Amino acid sequence: MRVALAPLVAGRKVVDAGGHPSAKFSAAAQAAGATIERVGRRGKYLLVELDDGRDLVIHLGMTGRLRLRAAEHVDDPYVRAWWALDDGEVLELRDVRRFGRVAVVPRGRHDSLPTLAALGPEPFAETFTPEVLWQALRRSRLRVKTQLLQQRAVAGVGNIYADEALWRAGVDPAVRKVSRPQATRLHAAIRAVLAAALANGGTTLRDYRTVDGGTGRNQDHLACYGRAGEPCTRCATTLRRKVLDGRGTTWCPACQRR
DNA sequence: GGCTGGCCCTGTACGC
DNA sequence: TGCGTACAGGGCCAGC
């Protein structure tokens with residue numbers, strides 16, 4: 001997403017902007033008048049650096065999608081925020097379920113976005129090591145899957161990739177204590193699952209789209225998520241599903257023993 | 001400070 | 001066919 005978006009908007013001035021009146025999107029208008037310097041990313045957040053020392057922070061939520069279109073008016077009730085650029089194009093955040101979020105904050109000041117402020121290391125950063133993951137996980141008594149979703153131990157792992165990584169690592173998503181060898185396997189699994197997702201262009205379940213409007217292919221490569229009732233590809237045991245701390249969770253009761 | 005559970009929101013699937 | 005209900009999910013927040 002960031003890679004596709006950055007060359008299209010960097011250097012462009014935001015001549016006008018607006019957002020849905022809800023608290024989640026109304027801040028979009030505050031970017032008007034600023035010029036986009038570069039586009040960065042932290043976890044699931046896009047950080048659009050503005051030339052006036054502020055960051056436009058965009059979280060796509062579950063169903064959010066950014067797209068560029070020509071300026072002529074298109075009536076789309078699901079556009080929650082928009083930024084008109086000086087080249088005549090409009091960057092739009094289309095988010096059917098309004099789970100996304102937009103904020104404009106002084107550069108690096110992310111206090112208003114607690115999850116971003118407390119975000120763990122990037123999964124492919126050198127600082128993210130098996131030891132770092134193990135130390136982070138053992139600091140809390142939350143279930144291991146819940147910790148992954150909190151983004152504190154590592155950034156960018158959502159529900160789908162948490163299930164996939166835990167399955168690949170052979171770790172029960174419900175455990176509250178992870179051994180060092182389990183953490184090592186989980187570290188490798190997280191990187192492998194995210195690398196595969198990137199290589200496949202993302203995971204398309206219902207509403208997800210890439211920046212150019214296409215769909216990802218990773219859903220065709222999922223080994224665990226969404227396959228409850230089907231045989232585990234590793235041991236042929238029937239995969240099961242349950243709600244864990246409010247999130248749908250699929251796991252193999254044989255491969256992922258406590 | 002850490003943890004839990006509820007809430008937001010809307011399209012889709014399913015049962016009646 | 002049409003209606004009602006359950007479900008999905010990321011992150012915030014109130015309450016414990």
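Predicted model only: the values in this text are computed from it and were never measured. Throughout, a chain's letter reflects where its sequence line sits, starting with A, and its residues are numbered from 1. For the numbers below, each heavy atom of this structure counts, side chains included, while hydrogens, waters and symmetry mates do not.
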Describe the nucleic acid contact of R247(A) in one word from base, sugar-phosphate, nothing, applying a heavy-atom distance below 4.0 Å. base
Can you check the Q147(A) CD to dG2(B) P distance for me, whole Å? 11 Å
Describe the nucleic acid contact of G246(A) in one word from base, sugar-phosphate, nothing, applying a heavy-atom distance below 4.0 Å. nothing
State plainly whether the residues D95(A) and R65(A) are in salt-bridge range, i.e. N to O under 4.0 Å. no
Taking the side chain of P114(A) as heavy atoms from C-beta outward, which of dC12(C), dG10(C), dG9(C) is closest to it? dC12(C)
Give G100(A) one of three labels, base, sugar-phosphate or nothing, depending on what nucleic acid heavy atoms sit under 4.0 Å from its own. nothing
Whole-Å gap separating P (dC12(C)) and CZ (R152(A)): 10 Å
With a 4.0 Å cut-off on N to O distance, would you call R41(A) and E122(A) a salt bridge? yes
Whole-Å gap separating P (dT4(B)) and CZ (R143(A)): 7 Å
Please report the distance, rounded to the nearest Å, between CZ in R98(A) and P in dG11(C). 19 Å
Whole-Å distance between dG10(C) P and L149(A) CG? 7 Å
Using the salt bridge (Lys or Arg N to Asp or Glu O under 4.0 Å) rule, take E92(A) and R69(A) through it: C-alpha gap first, then chi angles, then the decisive distance, then the call. CA-CA 8 Å; E92(A) 292 180 334; R69(A) 67 162 175 81; 2.4 Å; yes
Report yes if a side-chain nitrogen or oxygen of R176(A) is closer than 4.0 Å to either non-bridging phosphate oxygen (OP1 or OP2) of dT4(B); otherwise report no. yes
Report the distance from atom NE2 of H110(A) to atom P of dC12(C), rounded to the nearest whole Å. 13 Å
Output the rounded distance in Å from CD1 (I58(A)) to P (dG11(C)). 15 Å
Measure from NZ or CZ of R234(A) to the centre of the six-membered ring of W167(A) and say whether it is under 6.0 Å with the direction within 45° of the ring axis. yes
With the side chain of R80(A) defined as its heavy atoms from C-beta on, choose the nearest nucleotide among dG11(C), dT10(B), dC12(C). dT10(B)
Under 4.0 Å, heavy atoms only, any strand: does S140(A) hit a base, just the sugar-phosphate, or nothing? sugar-phosphate
The residue, K24(A) or L142(A), whose nearest nucleotide of DNA chain B is more 5′ is L142(A)
Both F99(A) and T115(A) contact DNA chain C. Which one's nearest nucleotide lies toward the 5' end? F99(A)
Partner of L85(A) under side-chain contact (heavy atoms from CB on, under 4.5 Å), picked from V90(A), L68(A), V15(A), D16(A), is L68(A)
Do the side-chain N or O atoms of H59(A) get closer than 4.0 angstrom to the phosphate oxygens (OP1, OP2) of dG10(C)? no
Whole-Å distance, R139(A) CZ to dG1(B) C1', equals 14 Å
Look at the side-chain N and O atoms of R101(A) and state whether any lies under 4.0 Å from the OP1 or OP2 oxygen of dG11(C). no
